[in-house]
Amino acid sequence: MSWAGKILRVNLTQGSCTTEALNRQWAQEYLGQRGLATKYLVEEIDPKVDPLSPENKMIMTTGPLTGTMAATSGRYSVVTKGPLTNCVACSNSGGFIGAEMRFAGWDMIIFEGKSPKPVYLYIVNDKAELLSAEEIWGTSVWHTDEWLHAKHQDPMLRIAAVGRSAEAGCLYAAVVNDLHRAAGRSGVGTVMASKNLKAVAIRGTNGVANVKDFGKFMQAVNDGKKVLADNAVTGQGLPTYGTQVLMNVINEMGALPTRNMREVQFEGANKVSGEAMHESRPSDGKPNLTTNAGCFGCTIACGRISTIDRGHFSIENKPEYWGSSGGLEYEAAWALGPDTGVDDLDALTYVNFLCNEDGFDPISFGATLAAAIELFKEGAITTEHTGGHELAFGSAESLVWGAETLVSGEGFGKDLGLGSKRLCEKYGRPELSMTVKGQEFPAYDPRGIQGMGLAYATSNRGACHLRGYTVASEILGIPEKTDPLETTGKAGLVKAFQDATAAVDSSGLCLFTTFAWSLEDIAPQVDGACEGDWSAERLAELGERIWNMERDFNLRAGLTAADDTLPKRLLKEAAKTGPAEGRVNDLDKMLPEYYELRGWSAEGVPTDETRQRLGLS
Amino acid sequence: MAYLPPGASDNAVSVRLDEGATIFDLMDSHQVPREQAHLVVCNGLFVPPSQREGYRLQDGDVVALWPPVAGG
């Protein structure tokens with residue numbers, strides 16, 4: 001129960017939509033969303049499959065609590081084999097379409113094959129059909145959204161779509177839903193476009209009806225909401241300041257990667273910070289931040305809605321960007337700002353709008369542009385490659401030009417769409433790529449936050465903060481403070497964060513609840529809603545099972561322990577300033593202990609005993 | 001931001017303190033409620049709540065204060 005019990009299988013090659021019963025046994029072992037959809041993926045595809053071939057599959061999936069009364073229950077994920085990383089990819093998003101999918105009666109949608117012509121999937125409750133998208137192919141996510149709403153004359157239709165970057169083959173394209181929420185990382189949007197699938201439009205009117213024990217569930221939900229409201233971070237900090245407040249915090253602590261991670265502190269951090277978003281601009285007297293916003297069922301509402309100064313060079317002749325839209329979150333602001341050396345808040349906001357409008361990951365884009373700028377500085381890229389454009393750290397014009405060129409899919413835009421790893425390889429300087437397993441880093445320098453180095457190196461989807469956010473402990477003191485410059489104890493910390501995160505990502509709830517909640521707060525909600533007995537211990541074990549299943553897939557895809565590493569820059573070039581001055585990331589002090597705690601061999605392979613303990617075949 | 005003294009620029013201000021002043025003295029002199037300062041950082045290093053009362057500031061120290069925040 002709580003699961004709808006129903007899967008929609010869409011064969012794009014044949015143009016068919018069929019209904020299947022959910023595998024209930026797998027639901028007990030993998031819960032939902034990230035865990036359960038990954039189980040389906042690993043059972044159904046060859047790990048060595050080309051991610052952009054019709055043989056790859058893409059799954060849009062909810063968790064059992066998605067769409068329920070639980071706080072932050074608006075989450076869904078897109079699971080596939082990622083083209084950026086050649087690893088398992090699972091990108092999580094909020095907004096409203098996840099809940100709508102449950103209201104229409106579906107746990108997940110499995111897409112397979114490739115449509116001969118552009119199509120979109122249109123769902124109204126239990127009716128699903130593929131319709132022509134030829135008229136909207138080659139247009140943005142925002143245009144697609146407007147066109148679908150007009151065509152179906154339904155303002156409540158919830159839409160997820162890919163934009164022009166995905167169609168042009170950008171390897172870090174996102175699936176954008178509800179205009180400015182995104183399953184952003186690892187190129188899940190590129191896979192969707194490779195299948196000639198432009199959009200998924202859903203209308204559900206049934207609600208989520210089959211909660212196991214409604215009284216028990218609502219008691220647990222209300223208890224959980226009270227914890228979120230009473231907690232200083234989720235009750236006040238996140239709604240007021242958003243994630244962007246971290247800009248000055250991380251800079252002060254000497255862990256803000258700057259100019260392609262050459263430095264760890266950015267002199268312009270304050271100008272692009274959460275505090276700056278609140279301040280009135282000298283140019284028009286208005287602040288960048290317009291309001292905060294929440295996803296479905298959210299009692300935190302950390303989202304930012306921003307407005308750019310109409311006189312700003314990026315939009316002065318473009319009235320379509322004069323309104324309010326999804327503003328900067330910390331990771332996006334970092335990649336577009338400090339990592340490219342740009343301190344122009346409105347330029348960052350404009351490029352963030354473009355990321356939403358045409359569906360590409362701002363983290364990977366900013367980091368790839370930063371690598372391109374360093375390649376240019378080193379003479380490996382010249383104006384001959386860029387069509388006459390000079391690339392420079394700190395240049396807002398370079399940033400805006402880079403994003404617009406990427407969207408065009410022409411000229412140097414094609415190169416920027418390769419991602420940092422392939423770009424640096426193409427121009428003969430692979431060591432300048434700041435990536436793990438082909439995916440660009442987020443906004444925490446592992447020289448200043450040692451545990452994050454291990455979290456990045458071992459993340460199953462490449463460099464990522466959302467697979468084990470030890471920043472919470474190392475910087476913010478949640479659940480308890482650890483020293484960011486210390487390596488002792490970090491192996492256990494990383495493992496605990498990774499396992500708990502995998503469980504939360506499988507529930508339908510938002511990871512941000514864990515600034516206040518532990519698995520002890522989540523388990524009663526799952527237990528009230530879902531068939532079976534659910535405890536915090538069971539969820540932690542389920543998270544560990546998911547982590548090992550993902551690891552296993554990556555190993556079978558061809559990755560080895562040699563891929564559990566960091567770029568040489570972070571292991572050999574010491575931080576130049578701040579509290580971490582003189583430090584590199586000491587990955588070698590943490591990795592062997594991590595393998596041991598995981599129950600893996602020295603080669604990073606889960607042992608037979610570990611597999612048996614977790615029920616993995 | 002709400003407790004920044006007049007004359008602050010870029011969310012920062014230079015202050016003069018008595019010899020031997022502590023982090024709590026600094027906060028009290030600017031009416032920053034102790035319970036509001038969740039994250040206290042001196043020269044980039046976190047100062048735990050238990051040490052703030054006795055933490056004596058030196059000439060040139062940079063202290064940063066934040067309310068409860070998080071991100072990701």
Side-chain angles (χ1 to χ4, degrees), chain A residues 231-238 240-255 265 269-271 273-276 278-279 300 302 329-331 333-334 442-444 448 465-466 469 471-472 474-478 481-485 511-512 514-516 577-581, chain B residues 1-17 20-72:
Chain A
N231 182 279
V233 170
T234 49
Q236 303 158 37
L238 277 170
T240 309
Y241 303 103
T243 60
Q244 252 281 67
V245 74
L246 283 189
M247 187 67 75
N248 281 329
V249 174
I250 303 296
N251 192 45
E252 192 67 25
M253 294 199 172
Q265 287 182 307
N270 191 55
K271 291 186 182 170
S273 65
E275 290 89 331
H278 277 267
E279 288 162 6
I300 303 173
C302 69
E329 311 292 343
Y330 171 57
E331 310 298 336
W334 161 77
Y444 312 91
H465 57 298
L466 294 171
Y469 192 69
V471 174
E474 295 182 275
I475 297 292
L476 306 168
I478 303 169
K481 187 78 176 68
T482 53
D483 184 345
L485 300 176
L511 191 57
F512 278 14
T514 58
F515 291 123
T577 60
E581 187 177 344
Chain B
M1 289 170 80
Y3 300 100
L4 277 171
S9 166
D10 288 342
N11 300 306
V13 67
S14 293
V15 295
R16 271 182 198 286
L17 296 168
T22 66
I23 286 179
F24 270 176
D25 292 335
L26 170 70
M27 289 163 61
D28 293 347
S29 66
H30 290 86
Q31 290 83 49
V32 178
R34 293 178 182 184
E35 68 281 3
Q36 280 285 313
H38 277 239
L39 205 52
V40 175
V41 173
C42 184
N43 302 324
L45 296 171
F46 177 73
V47 183
S50 60
Q51 292 175 17
R52 291 172 195 170
E53 186 159 20
Y55 193 109
R56 296 193 185 284
L57 294 166
Q58 310 292 318
D59 202 23
D61 278 353
V62 176
V63 178
L65 309 171
W66 281 279
V69 295

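Proteins come first, then strands; the chains are lettered A, B, ... in the order of their sequence lines, and each starts at number 1.
Looking only at heavy-atom pairs under 4.5 Å with chain B, the residue among A:Phe512, A:Tyr444, A:Tyr330 that has the most is A:Phe512. Highest contact tally toward chain B, considering only A:Val471, A:Val249, A:Leu466, A:Ile250, is held by A:Val249 [criterion: heavy-atom pairs under 4.5 Å].
Inter-residue side-chain proximity for B:Trp66 and A:Glu275 is flagged as met; some heavy-atom pair is nearer than 4.5 Å. Within the 4.5 Å cutoff, the side chain of B:His38 has no heavy atoms near those of the A:Leu476 side chain. Between A:Glu279 and B:Asn11, some side-chain heavy-atom pair lies under the 4.5 Å cut-off. Counting only heavy atoms from C-beta outward, the side chains of B:Pro67 and A:Tyr241 approach each other to under 4.5 Å.
Heavy atoms closer than 4.5 Å to chain B are found nowhere in A:Asn231, neither backbone nor side chain. Heavy atoms of A:Val233 lying under 4.5 Å from chain B belong to its backbone as well as its side chain. In this structure, chain A has heavy atoms under 4.5 Å from both the backbone and the side chain of B:Val69. In this structure, the portions of B:Asp10 lying under 4.5 Å from any heavy atom of chain A include both its backbone and its side chain. With a 4.5 angstrom heavy-atom cutoff, B:Ala70 touches chain A via backbone and side-chain atoms both.
When every heavy atom of A:His465 is checked against every heavy atom of B:Gly72, the shortest pair comes out as NE2-C, 3.5 Å. Between B:Ala64 and A:Glu252, the closest heavy-atom pair is CB-CG, 3.9 Å.
Heavy-atom contacts from other residues, nucleotides or ligands closer than 6.0 Å to CZ of B:Arg34 number more than 12. Residue A:Lys481 qualifies as enclosed at atom NZ: its count of foreign heavy atoms under 6.0 Å is above 12.
Going from atom CG of B:Leu45 over to atom CG of A:Leu485 covers 7.0 Å, rounded to the nearest 0.5 Å.
Distance alone, capped at 3.5 Å, is enough to place a donor-acceptor pair between the A:Tyr469 side chain and the B:Gly71 backbone.
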